[in-house]
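So that the names make sense, note that chain A is the first sequence line, chain B the second, and so on, each numbered from 1. Remember, predicted model here, so these are calculated numbers, not experimental data.
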There are 2 protein chains.
Amino acid sequence: MISIKDIAKSLGVSPSSVSIVLNGKAKEKRISDTLASKIIEASERMGYFPNQAAVSLRTGQSKTIGLIVENISNNFFSFLAKTIEDEVRMFGYNVVYCSTENDAIKGSELIQMLYNQQVDGYLITPALGMEPDIKKLVDRKKPVVLMDRYFETLNLPYVLADNYKGMRDGMEMLIKAGYKKVGFVTNDLDLIQMNEREIAYKEVLTSAGLLIDEKNILRLKYGFLKEEAVTTISDFVKKTDIDAIFFATNYIGIYGLESIRNLKIKIKKDLGVICFDDHDIFSLYTPAITVISQPVREIAITAVRILMGELGLLKRAKDLHIHLPTELIFRNSL
Amino acid sequence: MISIKDIAKSLGVSPSSVSIVLNGKAKEKRISDTLASKIIEASERMGYFPNQAAVSLRTGQSKTIGLIVENISNNFFSFLAKTIEDEVRMFGYNVVYCSTENDAIKGSELIQMLYNQQVDGYLITPALGMEPDIKKLVDRKKPVVLMDRYFETLNLPYVLADNYKGMRDGMEMLIKAGYKKVGFVTNDLDLIQMNEREIAYKEVLTSAGLLIDEKNILRLKYGFLKEEAVTTISDFVKKTDIDAIFFATNYIGIYGLESIRNLKIKIKKDLGVICFDDHDIFSLYTPAITVISQPVREIAITAVRILMGELGLLKRAKDLHIHLPTELIFRNSL
DNA sequence: CTGAAAGCGCTTACAG
DNA sequence: CTGAAAGCGCTTACAG
């Protein structure tokens with residue numbers, strides 16, 4: 001590994017001059033143009049690249065972002081991860097990813113690990129219970145941007161879909177289409193984005209003059225295996241008399257499609273189906289499933305932009321609490 | 001941030017003793033038990049965590065693995081990433097991910113970036129043309145394990161599915177089921193795993209006494225947008241008289257299903273369908289699609305095990321060229 | 001059994 | 001306009 005010292009020695013100048021020039025501060029520090037160009041030429045010829053560990057130790061900047069998601073293998077999060085990667089790369093940043101699996105203990109360890117690694121900023125889709133650890137980060141002046149969900153008690157930047165409005169859109173369309181008994185299948189996590197969807201579900205029912213029947217709401221245990229989930233949804237559909245079903249997330253919707261298929265129920269004719277969050281499966285399924293699509297790409301881009309603002313690489317955003325509009329994609333399931 | 005010096009000062013001992021104890025070398029360096037336990041107690045009480053940048057600079061070990069995939073947002077790779085994350089975490093490692101998008105120029109930059117970041121080891125699904133950059137890594141004594149594909153000219157550890165055998169299995173089943181004109185839709189990347197699939201496709205045809213008709217092979221341009229791919233496959237199906245179609249990857253298969261649906265062709269009755277690599281969509285589709293499933297989890301686990309061997313954290317593997325068996329999952333499309 | 005010192009590669013305040 | 005020196009936080013060879 002060739003170092004600044006090597007370049008300095010080969011040119012008979014001091015390492016500090018080399019450092020200054022390579023950091024683009026030649027003008028500022030009034031290094032002569034001749035010396036500057038000699039240094040640049042030599043560094044290229046010798047194939048010099050800075051040792052990030054040394055830079056990091058010295059400056060406290062690692063040029064690395066920590067990305068904490070629920071599960072990197074999940075569609076939504078891996079797509080988020082890809083956009084984040086592309087966006088931060090434009091600022092010269094790498095990203096370290098971690099999956100919490102919605103476990104606060106694990107999330108806490110991951111934050112500690114990223115902290116030790118000296119990551120410069122954090123993009124987090126927090127699990128319930130990670131609040132204190134995230135607060136600690138903020139206390140230590142680390143920039144944090146939350147995605148997909150947030151804590152009402154923590155005044156932090158966040159970016160997510162407008163879950164309330166998106167859910168309202170979907171529900172209103174169901175009501176307008178004449179459905180009267182809409183089932184809702186969600187998970188049992190007390191996360192803000194899920195809660196907002198549920199609130200909208202209930203509000204639309206109420207304002208349409210329909211009753212909220214708790215029996216029509218199914219809360220799937222998070223961490224259910226596929227088979228358990230599919231069976232539970234089947235049982236739920238069988239024992240209620242709903243005429244439409246709203247799946248609160250795409251993975252729940254995928255399980256739900258399997259349940260419905262197993263029950264040999266005809267989608268649209270026997271049961272209207274709609275899902276929050278799109279997925280390749282939904283457009284390919286027969287019939288294609290109507291969804292509320294989340295602006296995943298925009299969530300990632302916006303979160304990165306805010307984070308770069310906090311890191312001083314971009315103008316600081318004024319608005320730090322962002323709800324991005326969802327899109328109702330009408331297909332063939334209602 | 002509290003440092004080793006702070007602990008040393010608070011205890012009135014030297015920083016070296018603290019370092020030795022915290023690295024578990026108390027016995028080896030014959031530090032007294034009393035001092036050792038005092039140091040451990042203090043470090044916990046004060047909430048000490050090592051600054052990884054400093055450790056990295058000093059030891060040359062960053063405790064970070066570089067993961068280079070084709071595209072982190074793709075199902076196969078994000079699942080790979082999740083397993084890798086879990087596996088390396090057990091050794092105290094983090095992982096930085098990058099997507100090449102099958103672009104060698106980008107891949108080259110990413111490798112340089114990871115190298116500067118001082119990652120300890122590399123897990124790479126290489127794009128065509130990354131050979132020289134990977135070779136440079138090896139020359140610099142960096143452990144590298146290739147996944148999903150490899151270079152025949154580079155004697156490096158690799159782990160992938162047994163593409164040849166998997167494809168044979170699928171083709172033999174098609175032949176046995178009586179199909180005579182099997183179409184093959186692949187991409188135009190000259191990657192080893194794709195080549196092996198094509199070789200097996202041709203060999204089975206030949207040994208079944210059937211002709212290889214180049215018109216029955218479609219090579220989709222990598223980077224095709226969804227619409228282009230769907231249309232191209234539709235045109236291909238229309239102008240050939242194939243009785244079955246073998247999709248060479250899951251994303252091609254997903255496009256293909258859409259093409260077939262657009263053409264209003266009946267799967268199984270009019271056209272047998274099989275795909276290399278499974279996906280949620282295939283089991284949910286009507287009819288469910290028969291696939292050759294890759295052992296993604298095992299690929300990740302094995303690759304990590306080999307890498308940890310190279311890093312000296314595990315017994316070094318003897319066998320460094322691993323072809324893992326695929327599984328034929330028979331469903332309803334033939 | 002323990003401490004002082006050197007050094008990993010870099011940046012920056014300071015001196016000239 | 002340029003260089004020598006200090007120091008980021010750690011580890012390790014060396015001295016005692």
Side-chain angles (χ1 to χ4, degrees), chain A residues 1-40 42-43 46-64 92 115-120 140-141, chain B residues 1-40 42-43 46-64 92 115-120 140-141:
Chain A
M1 185 109 180
I2 117 118
S3 75
I4 269 188
K5 243 196 218 158
D6 299 325
I7 300 178
K9 212 177 289 170
S10 89
L11 255 35
V13 301
S14 95
S16 22
S17 304
V18 178
S19 170
I20 287 166
V21 170
L22 295 181
N23 282 309
K25 298 187 178 166
K27 287 269 169 300
E28 183 184 325
K29 296 282 177 175
R30 286 180 277 154
I31 302 272
S32 67
D33 286 356
T34 3
L35 215 206
S37 52
K38 265 204 286 188
I39 287 173
I40 289 171
S43 89
M46 299 171 74
Y48 170 76
F49 282 99
N51 178 327
Q52 255 304 135
V55 175
S56 178
L57 177 59
R58 179 59 230 240
T59 65
Q61 301 236 314
S62 64
K63 285 290 187 180
T64 299
Y115 187 76
N116 301 343
Q117 292 270 5
Q118 318 287 120
V119 304
D120 295 339
R140 291 167 171 181
K141 307 283 175 238
Chain B
M1 184 109 181
I2 116 117
S3 75
I4 268 189
K5 243 196 218 161
D6 299 326
I7 300 177
K9 211 177 289 172
S10 89
L11 253 37
V13 300
S14 96
S16 23
S17 304
V18 177
S19 170
I20 287 166
V21 169
L22 295 181
N23 282 309
K25 298 187 176 166
K27 285 271 171 296
E28 183 184 327
K29 297 280 178 178
R30 285 179 279 155
I31 302 272
S32 67
D33 287 356
T34 1
L35 216 207
S37 52
K38 264 204 288 190
I39 287 173
I40 288 170
S43 89
M46 300 170 75
Y48 169 76
F49 282 97
N51 178 328
Q52 254 306 133
V55 175
S56 178
L57 177 58
R58 180 58 231 239
T59 64
Q61 303 238 312
S62 63
K63 284 291 187 180
T64 299
Y115 186 77
N116 301 342
Q117 292 270 5
Q118 319 287 119
V119 305
D120 294 341
R140 291 167 171 180
K141 307 283 173 237

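Computed from coordinates, the A/N116 CG to D/dG9 P distance equals 14 Å when rounded to whole Å. The separation between A/I31 atom CD1 and D/dG3 atom P is 8 Å, rounded to whole Å. Atom CD in B/Q118 sits about 19 Å away from atom P in D/dG9, given to the nearest Å. Look at CG on A/D33: it is 14 Å from C1' on D/dT2, rounded to the nearest Å. A/K9 has its NZ atom 13 Å from the P atom of D/dA4, to the nearest Å. Distance A/L11 CG to D/dG3 P: 10 Å, rounded to the nearest Å.
Nearest approach of A/I20 to A/I31, heavy atoms of both residues: CG2-CG1, 4.0 Å.
One finds the NZ atom of B/K38 at 11.0 Å from the OG atom of B/S17 (value rounded to the nearest 0.5 Å).
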Revision key, fill the gap. Under a 4.0 Å heavy-atom criterion, the protein footprint on nucleotides 10-16 of chain C, written with B, S and -, is BBB----
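When the shell of 6.0 Å around CZ of B/R30 is examined, it contains 12 or fewer heavy atoms from other residues, nucleotides or ligands.
Within the structure, salt bridge (charged side-chain N to carboxylate O under 4.0 Å, His left out) pairs that include any residue of residues 1-15 of chain A do not occur (at least two apart or interchain).
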Table please: side-chain donor-acceptor pairs of residues 49-56 of chain B below 3.5 Å, with sequence neighbours left out.
{"unit_1": "B/N51", "atom_1": "OD1", "unit_2": "B/A53", "atom_2": "N", "d": "2.8"}
{"unit_1": "B/N51", "atom_1": "OD1", "unit_2": "B/A54", "atom_2": "N", "d": "3.3"}
{"unit_1": "B/Q52", "atom_1": "NE2", "unit_2": "B/S62", "atom_2": "O", "d": "3.2"}

**Study point:** Intra- and interstrand pairs of DNA chain C - dot-bracket, Watson-Crick/G-U under 3.5 Å, | marks other strand
**Key:** |||.||||||||.|||
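Taking the side chain to side chain contact (heavy atoms under 4.5 Å, CB included) definition, one finds that B/I4 meets it with B/P15, B/V18, B/S19, B/Y48, sequence neighbours left out. Annotation: side chain to side chain contact (heavy atoms under 4.5 Å, CB included) contacts of B/S16 (sequence neighbours excluded): B/S14.
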Practice item. Test A/L35 against A/V21 for side chain to side chain contact (heavy atoms under 4.5 Å, CB included), laying out the working first. Key: CA-CA 9 Å; A/L35 215 206; A/V21 170; 5.8 Å; no
